[in-house]
Amino acid sequence: MDKISSIKEKYLKNGFDALSEYEKIALLLSYSDGVTAVESAEKLLRSYSSLLDATNSDPEHIMKECAISEQSAVLLSLISQLRRKHGMESVADLRLNTAENAKRYFSAYMKEQRFEIFSAAAVNNRFRVLECRRLMSGTFSNVGVSIRATVDFALKNNAYGIVISHCHPDCTSDPSAADISATVSISTALLAAGVLLIDHIITGIDGALSLRQSNDSAIFPPVNSYKAIQ
Amino acid sequence: MSKGCHSGHRERMRARFLKNPDSFADHELIELLLFYCIPRRNTNETAHDLLKASGSIGGLLSSETADFCKTDGIGKGSAQFLRFIADICCSDDNMGQQRRCFNALSDILRDSPPDMCIVMSPGSNGLIRFSLADVIKNEPQMTELVSSIMRREWCEIIIAVNHTGRDVIPAKEDIRLFRLLQKRLSALTVELLDFLLIDGGSVFSLITNEIILDG
């Protein structure tokens, strides 16, 4: 019996928790890489501590650094997306009319995100989410913030306001000087297009932070019905 | 002979997913997932049927192998694949979370005073900073530390002690603090997930090495 067949038999007989991280990765990749799955699993485990750690990584990075096929990189990333969608189901109907709700919403959205992404939620005047979209991806330390993309996204959704968010996957949610400066630029640009920047949520290893709530309300336009203080 | 407009559909779906995964509707994610267990057939309709039967992504992830088989186009092998994916999606990333916590704590401690300690709860807001010497020597400080943890309603915590510039070999004070906190937190049903000594990239876990300490 080959290695994958014996792992599969072990899974069917003893369940998921009986498998080691190596076995989980090898079995998963057997659906995308076939005979090279065992080799690919070994490569991935040299860079990542667990299967889920690998699924939360940038697929482009996985393909390049671990020499994993596009099919496998998509499968790994697909799992991350399914987990996120599942997590988002509990907050899908949340109105982003308070900083606490906005933090809850983006905590679910950014859950276990391994590389930095910059996202925005367009809301109507009742703070219902019209659309939430990833606008930029980066690797670990820098997300290039495209002001134009944010304004285009707001206008496309005919949004009353925008809540932006980005994640610090490997550090705390404390905002950097660059985070604050980018927020000011986005707020100014949105205001020029008649859209309010409602809040900027930063998620980190210690949870989520609302920039408006933390002490930087001066950089946001006033939004009367948005409750920043608990 | 032309392969028609569906030629290259799977490649295009993958390319689109890599470019913007958030643009995928729920049924498109399942359609893409089914590519991995149904090699050639059109999986769009099966994806719709699966979602209709389970109600949502969450419902799908909690379905059993037998439930999947009730959908047309899903055989035993595909059902086992879907159950395996559901198992992965519903599992916890403890190892990844611990690694991220370690990285964050290591960064924070790098520029902190020598006996600075940090308490954090994975996934929760905030950090508690305290001096190891103060807490060991002053009972009120120890009580205040435990109260702070309780006020934040943390059920699981990690404590990190700054060993920057020293080896990550546990000193008597480290072990004493570890024992004191372990006893008090256990009585309050707060789980001490780890107690780490950190020096830049080096770490020593008193939880993992508890047997050595006892020896």
Side-chain angles (χ1 to χ4, degrees), chain A residues 8 11-12 15-17 19 21 24 27-28 31-32 48-56 59-60 63 70-71 73-75 77-90 103 107 109 111-112 114 117 119 131-135 137 168-173 204-209, chain B residues 10-11 13-15 17-26 29-30 32-33 35-37 55-62 65 77-78 80-81 83-108 118 120-127:
Chain A
K8 195 168 184 179
Y11 166 65
L12 292 173
F16 183 75
D17 292 335
L19 302 183
E21 290 303 312
K24 287 173 191 170
L27 183 53
L28 178 71
Y31 289 96
S32 55
Y48 301 98
S49 59
S50 65
L51 168 57
L52 289 179
D53 199 19
T55 64
N56 293 324
E60 302 286 352
M63 282 191 277
E70 184 186 274
Q71 287 210 51
V74 168
L75 180 57
S77 186
L78 188 51
I79 287 169
S80 173
Q81 195 66 6
L82 286 169
R83 280 169 68 87
R84 192 164 302 115
K85 283 261 183 179
H86 181 29
M88 289 294 288
E89 281 172 1
S90 62
K103 286 197 284 187
S107 293
Y109 186 88
K111 196 182 172 197
E112 294 172 12
R114 175 94 200 290
I117 61 169
S119 298
E131 188 185 356
C132 181
R133 178 169 285 237
R134 180 185 307 188
L135 296 179
S137 298
H168 291 167
D170 275 327
C171 56
T172 62
S173 53
I205 192 76
D206 58 339
L209 173 141
Chain B
R10 292 187 173 202
E11 288 77 8
M13 284 276 278
R14 277 198 294 269
F17 178 80
L18 284 174
K19 202 172 169 194
N20 193 352
D22 286 351
S23 70
F24 270 56
D26 290 359
L29 289 174
I30 305 304
L32 184 58
L33 184 66
F35 289 174
Y36 293 90
C37 61
S56 63
I57 296 271
L60 189 94
L61 296 178
S62 58
T65 310
S78 298
Q80 285 172 350
F81 167 73
R83 187 55 246 168
F84 179 56
I85 295 296
D87 279 336
I88 297 171
C89 288
C90 298
S91 62
D92 293 323
D93 184 20
N94 294 330
M95 289 168 80
Q97 194 170 54
Q98 279 173 16
R99 184 194 51 73
R100 287 193 293 276
C101 284
F102 165 68
N103 288 344
L105 290 167
S106 181
D107 282 348
I108 297 163
I118 288 175
M120 73 179 298
S121 181
S124 301
N125 277 315
L127 301 168

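Proteins get letters first, then strands, A, B, ... in listed order; numbering begins at 1 in each. Just so we're clear, the structure is a prediction, and the values are computed from it rather than from any experiment.
Side-chain atoms of A/V74 and B/F35, non-hydrogen and from C-beta on, never get closer than 4.5 Å to each other. Side-chain contact between B/I57 and A/E89: present, with at least one pair of heavy atoms (C-beta onward) separated by less than 4.5 Å. At a threshold of 4.5 Å between non-hydrogen side-chain atoms, the residues A/L82 and B/I30 count as touching.
For chain B, the nearby part of A/L19 is the side chain; its heavy atoms alone come within less than 4.5 Å. The contact between A/L28 and chain B is made by backbone and side chain atoms together, counting heavy-atom distances below 4.5 Å. Neither the backbone nor the side chain of A/M88 comes within contact range of chain B, judged by heavy atoms closer than 4.5 Å. Interface remark: B/I85 contributes side-chain atoms only to the contact with chain A (heavy atom separation under 4.5 Å). Proximity to chain B (any heavy atom under 4.5 Å) is shown, for A/Q71, by both the backbone and the side chain. Contact of A/Y31 with chain B is made through backbone and side chain together, with heavy-atom distances under 4.5 Å. In this structure, no portion of B/L60 lies under 4.5 Å from any heavy atom of chain A.
Atoms CZ and CD, on B/F17 and A/E70 in that order, are 11.0 Å from each other to the nearest 0.5 Å. In this structure, the separation between CD1 on B/I88 and OG1 on A/T55 is 8.5 Å, given to the nearest 0.5 Å. Rounding to the nearest 0.5 angstrom, the gap separating the CD atom in B/Q80 from the CG atom in A/L27 is 10.0 Å. A distance of 7.0 Å separates NE2 in A/H86 from OG in B/S62, rounded to the nearest 0.5 Å.
Summarising the geometry of A/L75 relative to B/Y36, their closest heavy-atom pair is N-OH, 3.4 Å, with the distance given to 0.1 Å. The two residues A/Y11 and B/F84 make their nearest non-hydrogen contact at OH-CA, 3.1 Å. Summarising the geometry of A/R133 relative to B/D22, their closest heavy-atom pair is C-OD2, 3.8 Å, with the distance given to 0.1 Å. When all heavy atoms are compared, the tightest approach of B/N20 to A/R134 is OD1-O, 4.3 Å.
No donor-acceptor distance shorter than 3.5 angstrom exists from the side chain of A/Q81 to the backbone of B/L29, with no hydrogens or angles considered.
Listed options B/G58, B/S23, B/C90 were ranked by heavy-atom pairs under 4.5 angstrom with chain A; first place goes to B/G58. Residue with the most contacts toward chain B among A/G15, A/S77, A/P59: A/S77 (heavy-atom pairs, distance under 4.5 Å).
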